[in-house]
Structures are given as C-alpha cells and as structure tokens.
Amino acid sequence: MESSGRSWSIDSYLNEHFDIPAKNPPGEARLRWRRAVGLVVRNRRRRFRMFSGLHAVDDSQRRKILGKVQVVINVHKAALQFINGVRRYPLSNDLIKEGFCISPDELSAITGMHEDPTIFKTHGGINGISRKIKTSLEDGISETEIETRQKLYGTNKHAEKPPRSFWMFVWDALHDLTLIILMVCAVVSLVVGLATKGWPKGIYDGLGIIFSILLVVLVTASSDYKQSRKFMELDREKQKIYVRVTRDSKTKKVLVHDLVVGDILHLSIGDVVPADGLFVSGYSLMIDESSLSGESEPVHVSEEKPFLHAGSKVLDGTAKMLVTAVGMRTEWGKIMDTLNDDGVDETPLQVKLNGVATIIGQIGLVFAILTFLVLLVRFLVDKVMHVGLLNWSANDALTIVNYFAIAVTIVVVAVPEGLPLAVTLSLAFAMKKLMSDKALVRHLAACETMGSASCICTDKTGTLTTNHMIVDKVWISDVSKSVSCDTNINKLKAAISESVMEILIQGIFVNTGSEVVKGDDGKRNILGTPTEAALLEFGLSLQGDLYDKYNKLTRLRVEPFNSVKKKMSVLIQLPNGGLRSFCKGASEIILEQCGTVLNSEGNITPLSEMQKQNILNIINSFASEALRTLCIAFKDVNEISDDQTIPEDGYTLIALFGIKDPVRPGVRDAVMTCMAAGIKVRMVTGDNINTAKAIAKECGILTEDGIAIEGRELHDKSTDELKELLPKIEVMARSLPMDKYKLVTSLESMYQEVVAVTGDGTNDAPALRESDIGLAMGIAGTEVAKENADVIIMDDNFSTIVNIARWGRAVYLNIQKFVQFQLTVNIVALIVNFVSACIVGIAPLTAVQLLWVNMIMDTLGALALATEPPNDEMMKRPPVRRGHSFITRVMWRNILGQGLYQLLVLGTLMFAGKRLLKIEGPYADRTTNTLIFNSFVFCQVRAVQASF
C-alpha cells in the first residue's frame with residue numbers, strides 16, 4: 001500500500017485488494033464485512049479510524065493488520081461462495097407447489113462422494129433435511145406421496161441401454177465374410193447367366209443363392225434377436241430385490257425400484273445399500289465402500305459421519321437411513337452411466353465349442369480350396385483337349401463362377417456356426433424353465449457346470465428344513481417344558497416366578513433383531529429371521545402386552561448376530577437408572593459365558609460344574625430331537641466407559657430354548673436322487689452337532705459309513721489326515737464361514753470335485769465365490785451372498801437344487817447331441833463334394849442346396865436337439881469329471897458310423913444310381929443329383945433320430 005495521501009476507506013480497500021465490487025455482495029453482507037474489517041483495525045493499539053491514516057504506519061505493522069483483515073475477508077468470501085453455490089440449485093415451481101424446500105440436485109450434492117459436512121450442517125442436519133423433504137424420521141412418508149416424489153425427485157432406476165432392434169441383428173448377420181463372398185458370387189452368376197441364357201433362365205442360379213443367403217440371414221437374426229430379448233427378461237428378474245422401509249408408521253417390504261426420496265430404509269448385515277442417504281439411527285454400522293472408492297478399509301457410519309452411498313455393502317450392524325438420492329442421481333448411478341454393457345459373457349463350453357468350430361472351419365477351408373482346384377483343373381484339361389485353352393465363352397466364365405460358389409458354400413457348411421446358437425438356445429431354454437421352477441440363474445456358465453457337479457455342500461436351515469420355526473421346548477429354572485400349545489404355555493407361567501418371567505420377557509423383547517409391525521389388515525406381523533421371529537412369537541404368547549413397554553427402553557449398544565460370533569448382545573438403560581446387558585446365541589457359547597443361573601424364585605445362584613453338565617445333557621437331549629438350541633443370559637452393569645464393549649463373561653443364565661424346524665417334504669427323495677446320480681450331499685451347518693446329525697439322518701444324508709464332525713476339527717488335521725477324512729465327511733456342524741471355505745477348496749484341490757455350495761450370509765461369500773457353483777438363498781440370503789452366487793434359489797428348497805442339476809445335465813447332453821449331428825453332416829457334405837469333384841468332375845450338391853441344408857441344420861436342428869427337457873435317465877449317469885473330453889468315444893463312434901452309412905448310400909447313388917435305378921434320357925444327371933440331394937436330406941433326418 002503506497003503512501004500517496006489519498007483517502008482510504010473499507011469500500012475502496014475491498015474493491016482494490018479483494019476483488020469485491022461495491023454492488024456485490026448485497027448490502028447486508030457488505031455491511032458485515034465492513035464491520036469485521038473495522039473491528040480488526042480498531043483493536044490495534046493505534047486505533048486507526050477506519051482505514052484513514054493506515055498509510056502512515058510502518059510496513060511491518062501494516063502487514064500484520066492487513067494479514068488479519070485478509071483472513072476475515074477470505075472466510076466471508078467462502079461464505080458468499082457457498083451462498084451463491086446454494087443458489088445454483090433453484091427450486092422448481094413444482095417443488096414449491098408441493099411444499100418441498102430443497103432440490104434433487106442439491107440433495108444429491110450433500111451425499112456425494114465428496115460430501116461436505118459443512119453443507120450438511122448448514123441445512124440443519126438430518127432433522128433440517130427431513131423437514132425440507134417433508135419426511136417424518138419415525139413414521140416415514142405416506143403411500144399417497146409416492147407418485148409425486150418419483151415425479152419430482154426421480155425413480156430408483158438406472159439408465160438402460162436401448163435394446164438392439166431386429167434390423168441391427170440383420171446388419172450383423174450380413175457382415176459374415178463367407179456370406180459376403182457368396183453374395184458377390186451370386187451377383188456375378190446373375191450377370192453372366194443373363195448374358196448367356198437370357199431372361200428368365202439366366203437368373204435361376206444367382207437368384208437361388210441370393211434367396212438362400214437372405215433366408216440364412218433372417219433366420220440367424222431372428223434367433224439372435226429372440227435370445228437377446230430372453231436375456232433382457234432374465235436381467236429384469238435379477239433386479240427384483242425387496243427392501244424394508246417405514247411408510248405410514250408401518251414397516252413393509254417394497255421393491256428396490258419403488259424406493260423414493262424421503263423413505264426411511266432399514267439396513268442390516270449383508271444388505272447392499274440401494275440409494276444414497278443419511279444415517280438416522282442404528283448400532284455398530286460398518287460399510288464396505290470399496291466398489292465406489294477403491295478403499296478396502298470398512299467405514300464406520302454414525303451420526304457424526306452420516307453419509308451412505310448406493311452400491312456399498314453393510315458388513316456389520318443395523319441402521320435406519322433417510323433416502324436422499326435415487327437412481328441416476330446417486331454416486332453409483334453416475335458411475336453406471338459411464339459404463340457400457342458388453343452383453344452376455346461366453347460360457348466355458350461356448351469358448352470350447354468356438355475353438356472346435358474354428359478347427360472344423362479350417363478343415364473345411366482346405367477341402368473347399370482342394371475341391372475348387374480339382375474342378376478347375378479338370379475343366380481346363382477338358383477344355384484343352386476339346387476346344388483349346390484360348391477359346392473362351394460366357395458359359396465358361398459361368399462354370400468357373402459356379403465352381404467358386406460351390407467352394408465358398410463348402411466353407412459355409414463346414415463352419416459349424418450353429419454350435420454357439422445351439423449352446424445359447426439350450427442355456428436360454430434351461431434358464432427360462434429354471435425361472436419357472438424357482439431358480440434364477442445369474443451366470444450362464446452355472447447351467448452347464450451344474451450338470452457336472454459331483455458334490456453339494458448344503459445348509460440345513462431353510463434348505464433342508466421348512467424355515468418356519470417355533471419354540472417347541474424350554475428349560476428355565478430347572479424346569480423343562482414343552483410349549484407347543486397354549487395349555488403348556490399356561491403351565492410354564494404357573495411353574496416360574498414373576499421376577500423370572502419379567503427378566504425372560506425383557507431379554508426376549510429388547511435383545512432381538514426382529515420387529516413387530518401392524519399389517520394393512522391391522523394384525524400384528526413379525527419381520528425378521530425365522531429364529532428371531534420364533535423367539536419373539538414365544539415372548540408375545542407369554543406377555544405380549546409388555547412388548548411396547550420394553551421396546552421403548554433405551555438401547556445403548558447393540559452387537560447384531562453374525563455367523564462368526566454366533567450370538568447377539570445388547571446393553572440397555574433400565575428405568576431405575578442401572579445398566580443391563582443381554583446376550584443370546586449358540587447354547588454352548590452362551591453357557592461358557594455364564595457363572596451363575598437364575599433359580600425358580602428369581603434369585604441368582606452360582607452355576608456349579610454339575611449343574612453345567614446337567615444343562616449340557618439337556619442341550620444334547622433337545623438336539624437329539626432335531627431341535628435347534630439357543631440360550632439367553634443377562635448381566636447387570638454399574639457403569640461402562642465409551643471405549644468398552646458389551647461384557648463377554650460373568651452372565652447369569654436365564655433359559656434354554658429348543659426350536660423346531662421340520663424337514664421339508666420331498667427332501668429325502670431329492671437326496672436319494674442325488675446319490676443315484678453320483679452326487680454326494682454334505683450338510684454344513686452352524687447348529688449343534690447332535691441337532692445336525694438328527695436332521696441329516698432324517699434327510700438320508702448321514703449314512704452308516706459317513707461321519708459328522710465340527711468345523712474346528714477340520715483345521716486340526718494334517719494334509720494326509722484331511723485327504724483320508726474328506727470322502728467320509730457327510731455332516732459338518734458348528735461351522736464357521738472359513739470352515740466351509742476350507743472344506744470346499746480341499747474337495748476341489750485334493751479330489752478334483754466339482755462342488756456346488758449353498759449360502760445365505762455375508763460371510764458365506766468366500767465359499768460361494770470359490771466354489772464351482774454358488775447357490776444363494778433367495779428368501780433367507782443377504783444381498784452380498786446373492787451377488788457372489790451363480791444361481792439364486794428363490795424358494796430356498798433343496799429339491800430346487802436337484803432340479804438345477806437335472807437341467808445342467810440336460811444342457812450338456814443336448815449340446816453333445818447337436819455337436820454329434822452337425823459333425824456328421826459336415827463330414828459327409830465335405831467328402832461327397834470333394835470325392836465327386838475328384839472322380840466325376842462335378843459337385844452333386846450345388847451351392848443353393850448346401851445353403852438350404854445349412855440353414856435347416858443350424859436352426860431347426862439346433863432347436864430340436866438343444867431344447868430337449870431332462871428325463872429321469874439323465875440322473876442315473878455319473879457326473880462328467882473335470883478334464884473329460886467333450887466329444888466322447890461313443891460320440892466318435894456314432895459320428896463315424898453315421899458318416900460311413902451316409903457316404904455308402906450317397907456314393908452308391910452317385911456312381912451306380914443311373915444303372916441301378918435305370919435313369920435315362922437328357923435329364924438323367926439332373927434327376928440323379930436331385931435324388932442324391934433328397935437322400936442326403938433324409939439321411940440327416942435319420943442322423944437327428946440317432947442323436948436322441
């Protein structure tokens with residue numbers, strides 16, 4: 001700043017040094033800036049009067065003053081930029097009319113990957129934003145507002161590529177190189193034919209080739225178009241995911257595509273977050289955002305860091321979330337918009353058959369070149385001997401063009417382009433049928449691989465059993481009772497004291513992952529896992545009127561159930577001010593955490609070793625009756641620091657439950673079918689070993705020669721011991737996810753088994769991904785499990801898994817039949833034309849005839865052979881082992897047998913047909929060739945019959 005004697009003012013300083021003109025910002029903001037600058041200046045020791053005289057101070061003091069002024073100005077400039085930024089998201093008239101106070105783009109910016117907590121707080125946090133989008137954090141939105149919200153804030157759907165039209169498939173088919181060459185031949189044939197034979201005889205050959213080419217193109221395009229439509233339908237089925245939301249004060253399930261801005265969404269372990277949003281409430285929520293950010297470390301989401309993004313996965317905890325952006329306005333939607341769908345990946349069998357087709361095409365090309373050269377040399381030799389090599393006519397040119405057309409057609413016939421079509425037809429047909437049989441195939445390769453499965457590692461709950469659980473027996477205060485009816489429940493109430501009943505009911509109602517909601521009919525429904533629902537239903541039958549009272553207790557911490565800990569814990573604030581923790585889970589694990597037990601009077605007494613052994617005996621007796629056992633315990637706590645977790649020991653045992661889950665009808669028959677087909681069924685469950693053995697025997701899985709082990713035993717074995725043990729294992733109980741993973745990888749590496757694995761939890765993902773065929777449960781399965789699976793079992797039924805194996809075998813056998821049929825046709829067509837060209841000098845099968853056969857063979861033949869449904873005989877054969885050749889010895893025998901038979905018939909007609917059938921006259925050659933063609937066609941009909 002120069003000492004010029006000019007008059008200094010705040011306005012001139014702001015204009016000159018900070019690029020803030022007098023008319024911007026508005027007067028009120030500018031006034032605040034003037035006051036801020038004046039305040040800094042007045043507080044200096046010299047107390048400058050505004051900026052006048054500032055030039056009189058020395059440079060060091062001036063720099064200090066201006067430095068502080070600079071800070072104040074920068075802060076206010078940032079504020080102004082934010083204000084202007086907010087103004088970049090104007091409210092539309094429709095939003096204002098409906099009473100909304102925030103635009104969809106602004107909501108999207110708040111929860112974007114580069115979220116700014118300052119902006120979030122400026123809008124008043126979660127409460128301010130919920131008010132601006134007219135949402136109640138407790139009751140959710142109203143169903144009547146759904147359409148309005150979709151119109152104003154968008155739908156939860158991602159932009160899809162427009163489907164390819166039929167004419168695009170026609171255009172693709174016309175790009176086939178051999179067909180292009182044939183079209184050139186057809187045009188040349190037309191020109192030469194018209195010049196030599198005139199109209200209309202001169203157009204017959206050329207027009208016939210063009211017509212055949214058009215038919216081939218149209219049929220190929222139609223098949224591809226229909227298959228693309230089928231795969232689009234299947235993709236839409238894959239996207240039918242249900243989520244839990246609160247609307248009109250009720251918790252209900254809705255399709256993920258029906259989510260709208262303002263919905264209160266419920267999240268739990270294994271869910272994939274379907275929209276962007278803000279954390280409302282919850283416990284221990286850990287999110288995997290690696291698919292969005294690339295960071296492998298999980299993110300802890302809480303009220304301090306409330307941002308949730310679509311596409312991330314819930315690793316642990318539970319939460320409620322306010323949806324703020326859906327569809328293409330989410331971060332995931334923006335990423336998806338930049339990606340192109342490259343279509344359906346080829347399956348291993350398709351890749352293998354493409355290689356076969358390439359080899360056969362190369363052989364056909366060699367035969368075509370040899371045929372053309374033989375025909376051309378014979379023609380030239382004949383010409384030299386009769387009219388001379390220098391004497392050429394248009395008919396000669398037409399003859400050479402026809403020779404070339406025959407050679408090109410041999411290549412067309414030889415290249416088995418019908419193989420990929422047959423595979424696609426068979427897979428699409430199987431996928432469609434499996435969809436109606438409650439199995440959604442996510443990856444095409446699973447259809448064919450399932451046909452080779454030699455082992456199925458299946459869960460128990462919900463797969464072998466009905467997944468409809470009820471508490472059948474209870475042990476409490478040294479009393480064991482059956483509670484399968486109301487009379488028995490009343491007897492239980494009479495047998496225990498009120499204080500014991502109070503703690504039991506409190507433990508059931510506060511330590512649960514289920515929820516009691518009112519349905520549209522006004523009745524109470526329970527949402528949650530079958531085990532949780534069974535316990536909650538039992539608690540409601542005891543004292544249902546206390547549910548609302550205990551549900552209002554403050555939960556300070558919650559550790560949700562997962563398959564590693566095998567328990568769930570909760571810490572609550574008691575009405576009298578104390579703290580109490582409850583835990584429930586696998587009976588042996590909870591029992592180990594207990595040092596005391598609640599007696600019949602409600603007093604806490606030490607748990608002696610004898611008592612503990614008696615309880616273990618009761619656990620085993622429940623388990624031997626195929627009951628799933630759970631214990632519940634509590635511990636009163638004086639205080640707990642913020643960094644402490646819920647206590648792990650010192651608990652008081654309250655009760656032991658025996659939960660009944662009946663075996664599904666038809667499971668035993670399905671297991672017997674698998675055994676007859678050479679498929680070993682192994683049960684892998686987290687249940688008590690006695691429960692697992694009882695269920696396995698009932699299902700027919702555990703045989704006299706088989707053994708049952710616990711998951712931890714698998715890790716204690718050496719490689720040699722494991723190799724000896726694996727074939728005998730039929731049941732693995734108390735299994736952790738990594739136990740299942742080790743079992744799968746050991747079977748694959750040591751015995752080359754083709755393993756199918758069922759799973760429903762997030763922690764099952766490694767085993768599902770590592771297995772040859774991952775089967776996720778559609779009802780009980782988490783979204784993470786489904787994402788890592790190849791097939792989703794929509795009804796969670798083991799019989800459906802057996803049906804997949806049947807269709808897998810059908811696909812494999814059907815494609816083998818088509819390959820056998822096509823190779824037979826190709827070999828015969830090549831040899832007949834080549835041998836005839838070498839010996840007689842003509843090709844009995846013309847270009848038009850070969851194109852016609854090729855069209856029928858590649859389409860109708862594929863349709864007939866590739867879509868045969870499975871039969872019972874298929875499940876009496878052993879599975880195809882790894883590394884086995886696709887074309888078997890039996891297939892080669894049939895191919896060579898059929899080929900020799902056809903060559904014998906056609907060769908007899910070619911060389912002795914006139915004499916044997918006494919064909920004479922000027923049209924004898926044409927009649928014989930027609931007879932050869934028709935015989936060739938009927939031989940293919942016989943070849944098709946032989947393939948069945």
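Since the structure is predicted, the reported quantities are computational estimates derived from the model, not experimental observations.
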Other residues, nucleotides, ligands: >12 heavy atoms within 6.0 Å of Q752 CD: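 Above 12, so yes.
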Flag if over 12 foreign heavy atoms under 6.0 Å of OH, Y751: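 Check passes, neighbour count above 12.
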Set of side-chain contact (heavy atoms from CB on, under 4.5 Å) partners for [X], sequence neighbours left out:
{"X": "A708", "result": "I689, K693, V731"}
{"X": "D437", "result": "N803, W807"}
{"X": "R712", "result": "E710"}
{"X": "D772", "result": "T449, E748, V754, V755, R882"}

Measuring only between side-chain heavy atoms, which start at C-beta, is [X] closer than 4.5 Å to [Y]?
{"X": "T685", "Y": "I695", "value": "no"}
{"X": "L726", "Y": "L743", "value": "yes"}
{"X": "M750", "Y": "T719", "value": "yes"}
{"X": "L813", "Y": "I815", "value": "no"}
{"X": "T824", "Y": "Q902", "value": "yes"}

Looking at [X] and [Y], would you say the former's side chain and the latter's main chain have a donor-acceptor pair under 3.5 Å?
{"X": "N871", "Y": "M874", "value": "yes"}
{"X": "S436", "Y": "K433", "value": "yes"}
{"X": "R664", "Y": "T465", "value": "yes"}
{"X": "D705", "Y": "K728", "value": "no"}

Residue pairs fulfilling salt bridge (charged side-chain N to carboxylate O under 4.0 Å, His left out) with at least one residue in residues 888-904, sequence neighbours excluded: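 The answer is none; no pair qualifies.
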Pairs meeting criterion salt bridge (charged side-chain N to carboxylate O under 4.0 Å, His left out) with involvement of residues 800-813, two or more places apart: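 Sorted pair list: R806-D872.
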Could you tell me the separation between the [atom1] atom of [X] and the [atom2] atom of [Y], rounded to the nearest 0.5 Å?
{"X": "K438", "Y": "T800", "atom1": "NZ", "atom2": "OG1", "result": "9.0 Å"}
{"X": "M777", "Y": "D795", "atom1": "CE", "atom2": "CG", "result": "9.0 Å"}
{"X": "I792", "Y": "I241", "atom1": "CD1", "atom2": "CD1", "result": "7.5 Å"}
{"X": "L464", "Y": "C699", "atom1": "CG", "atom2": "SG", "result": "4.5 Å"}
{"X": "I709", "Y": "L714", "atom1": "CD1", "atom2": "CG", "result": "5.0 Å"}
{"X": "Y901", "Y": "L906", "atom1": "OH", "atom2": "CG", "result": "9.0 Å"}

Passing option when I701 is tested against R668, R682, M675, M683 for side-chain contact (heavy atoms from CB on, under 4.5 Å):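 That would be M683.
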Worked check of side chain to side chain contact (heavy atoms under 4.5 Å, CB included) between L440 and K786: CA-CA 10 Å; L440 173 60; K786 292 174 187 176; over 6 Å; no
Which residues pass the side-chain hydrogen bond (donor to acceptor under 3.5 Å, both in side chains) test with [X], sequence neighbours left out?
{"X": "E721", "answer": "S718"}
{"X": "R769", "answer": "N788"}
{"X": "S454", "answer": "E753"}
{"X": "T461", "answer": "R628"}

Test side chain to side chain contact (heavy atoms under 4.5 Å, CB included) applied to Y242 and V256, step by step: CA-CA 6 Å; Y242 286 89; V256 69; over 6 Å; no
Looking only at heavy atoms, which two atoms of [X] and [Y] are closest? And how far apart?
{"X": "A733", "Y": "A692", "answer": "CB-CB, 4.0 Å"}
{"X": "T463", "Y": "V667", "answer": "O-CG2, 4.3 Å"}
{"X": "I679", "Y": "C455", "answer": "CG2-N, 4.1 Å"}
{"X": "C674", "Y": "I456", "answer": "SG-CD1, 4.2 Å"}
{"X": "G700", "Y": "V671", "answer": "O-CG1, 3.8 Å"}
{"X": "S452", "Y": "P879", "answer": "O-CB, 3.7 Å"}

L725/I707 under side chain to side chain contact (heavy atoms under 4.5 Å, CB included): CA gap, chis, key distance, verdict: CA-CA 9 Å; L725 184 67; I707 61 171; 3.0 Å; yes
Among T758, T691, D687, D661, side-chain hydrogen bond (donor to acceptor under 3.5 Å, both in side chains) partner for K460: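 Answer after filtering T758, T691, D687, D661: D687.
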Audit row: K660, T466, side chain to side chain contact (heavy atoms under 4.5 Å, CB included) steps and yes/no: CA-CA 10 Å; K660 186 177 183 179; T466 59; over 6 Å; no
Contact list for residues 730-742, test side chain to side chain donor-acceptor pair (under 3.5 Å), sequence neighbours left out: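 Qualifying pairs, neighbours excluded: D459-K740, E588-R734, K680-E730, T703-E730, H715-D739, K740-D764.
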With sequence neighbours excluded, residues passing ring-ring contact (aromatic ring centres under 6.0 Å, His included) with F166: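 So F166 forms a ring-ring contact (aromatic ring centres under 6.0 Å, His included) with Y225.
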